[in-house]
Every structure is written in C-alpha cells, then in structure tokens.
Amino acid sequence: MKYLVIVGDGMADYPVEEADGKTPLQVAEKPSMDEIARRGRMGMLQTLRPNLPRGSDVANLIILGYDPCSCYTGRGPLEAAAKGIRVGNDEVVFRCNLITVEENRVIDYSGGHITTSEAEVLISELNERFSSVGRFYTGVSYRNIFVSKRGGGLRAIPPHDIVGEDYGKHLLKPDNEDSRLLNRMMIESVSILSENQVNIRRRRMGERPANMAWIWGQGRMPDLEPFDVKHGLRGAVIAAVDLIKGIGRLARMFVPEVPGATGYYDTSYENKAVYAVKSLEEYDFVYLHVEAPDEAGHEGSFETKVRVIEEMDRRLFGKILDTVDENVSISILVDHPTPVSVRNHTLDPTPFAVMKPGLNGDGLPFNEDSGFKGSFGLVDGMEIVKLIKRV
Ligand SMILES: [Zn+2]
C-alpha cells in the first residue's frame, strides 16, 4: 500500500457570523476534497499541545510521529536543516523574519511578502554589518535564518504575535549580555535596512519595506529517528517552506525542490501535485504540505481563504485524483487552525479524512463539522500515521 498525505496548513477555522455561521471550508466549492472525504472516514486530530508553541513546527512533528517534548528545540533549527546549513554544537539557530515596522510598531510580520531575491540583498547587508554577532542565511521570502554562539535559553516572541504592537515591549528580556547584544542588533537593523536600496524601491512602489530583522524560534540542532525506521515506510516530503522540508531532511526522507513552489498564493499547485504523484512511484509515504491557507488566515481574510481552498482543490486535489493510481490511500489533514477572526494559530483539533481502497466511507464533505461527526472521533496527532496504515 502507498500513502499520500496532504496537509493544508492552517486550513481549519471557526464559524463566521457574516458567512451565515459557516467556516471557509464550508463555504468553498471543493469537489475533489469532498470526494476524498466522502469516500473516506473522518475525525478530529489533536495536533498541538498546550505547553508547547502553537505552530506548524510542533504540529508537523507530531503528525509524523515525533514527540516534540523530546525532539523539539525550535523552529530555526528545522529550517536550517532544510537548507543544509552547517551548525556547530556550540551554536544556536534562530528564525529571522524580515518584518515591517513603522514608528516603532510592527506592521507586518512578512515584510510585505518580500521576494526571495530582495531578501538576499538585505541578508547580505546584515551579514556585513553584524558578522561579529553571527551569520545570516537567506531562506524563502521573509523567512530567513540567523546562526550565533549567543542566545541559548532566551525567550523570543514570534513576530506574528505582536502585529500592531510596539516592538520595544517584545524584545528579548535584557537580563544578560547575550540578549542585550541581540536586542541592539535588532534595533540597529531598522535604520540599516530602511536605507537599503531594496526598501527605498519598495516604498516608492507603494510596497511595505522589510525594514527590521526579528530573530526568534531559536534552538540547537535536534536529532530525529529516520522516518523509515520509525514507521517502516520509505517517505518523501513535498513542500515549499523550509520548516517542513527541514523536518523531512532531519527524518531522512526524500525532499525534492519543487519548481514554482513558493509557500504563498502564487505557488505552483500543479507542480506540487506532479511531484507528489511521481514520488509515489518510488516511495511508500508522500507528505504533501500546502502553506497558502495559513497565510490567508493570518491576513484575516475570509474571502482569500475560501479562494485559496478552491484553488487548491481544483489545481492540486483535482489533478491528483485525475492522475494518481487508484490503489493509493489519500488523507487530508490540517496541521492547526488559523481562524481568520483570530489571525493566529489556535489549539483546537482539526478535521481529517482518510480514503483507502475498500474502506467504507462516512459520506461527509470535508469541513470542521464533519470532523466532529466522523467515525474516527478525536485522535491524537502522534497516532495518525499508525491509523492511516492500520485502517
Ligand atoms: Zn501560520
């Protein structure tokens, strides 16, 4: 048996009053996802833990069967693994967002979704200015990496948690030399990046400047048991964002670079579908992650989220149903909710569906309500790969 698991990042939501009490998944026209759900069985998946960060890092580790209590060190190390960055045992890896600040307030955690080539220019300037503190690496768009010998054990705040707030209140607690040094670097980055040609041009074009380096999500490199040893399945990961690719690399799964995969609305859904179906020829378990619904949740746009789900359905799920071997088991998961009303991740369980040849379906469309009615009931995230294999 071969398994395809498709994860819609942040796709689950709360009912919205203005939409007649419906969620984006209930409003979106998504015939292919609904077909998978109807032919399969549904349930709710608990992918997060109250005592751990509410993010895709923890959720995707849990879904793949890795206990974050023993292997989660931070988001930064996972993304560094994706890029094959060499990190010393005495070094700490941070995620570095290029964010937008205006009059000391955080306006945008994504620096106006700056392009990767623009980010490269800004990152190289940061490397010139702060080589004594650490090294910066370009990732995808606003998602970059910072490696330093300084800063172990600090508590850093994710920038998407402080949009609209004064950043000065959310810097590292200045109670030791490392945090004071890193705070100085973040504050100085504002004037340096604001004057960079990339940001001067962006302002002129009416785009948000990516004018501050915000470091967070730090930790030392974790050690994961290989996925094939853990589950007896040879695995592949199809993803655009470094976080998910990094988990795949650390779990020694096959992680191809998919052309046109951006982690945003302009991603090539078609290429991701093609790579997923192709990977199934050689691998037993293909984990296909789509970031775009999460971005719509953070933007707080119900309409955008509905449109993203519809595009995913047509261009990714539809293509997969048309081309995949009918003996493949297909599952739809959501790593965590990113409700448009909250504009951030929540702890709630998420709906999931498992379709497998010969399985008696629940006959329900794919949404939160069906998840609660589904025959699997509430399942812990750590159990989902075992469940998909077993049913
Ligand atoms: Zn998110």
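Ligands are counted one by one from 1 in listed order, and the atoms in each one are counted from 1 as well.
Ion pairing between a basic and an acidic side chain is recognised when a charged N comes within 4.0 Å of a carboxylate O; Lys245 and Glu257 show such pairing.
The aromatic rings of Phe285 and Phe227 sit tilted relative to each other, their planes meeting at an angle between 30° and 60°.
Cation-pi geometry between Lys389 and Tyr3 is not met at under 6.0 angstrom from the ring centre and within 45 degrees of the axis.
Val274 is linked by a side chain to side chain contact (heavy atoms under 4.5 Å, CB included) to Lys319, counting only residues two or more places apart in sequence or in another chain. Partners of Tyr283 under the ring pair (Phe, Tyr, Trp, His ring centres under 6.0 Å) rule, at least two apart in sequence or in another chain, are Phe254. Looking at residues two or more places apart in sequence or on another chain, you find a ring pair (Phe, Tyr, Trp, His ring centres under 6.0 Å) between Phe146 and Phe94, Phe136.
Panel detail: the Zn ion (ligand 1) has protein N, O or S atoms under 2.8 Å away, 4 in number.
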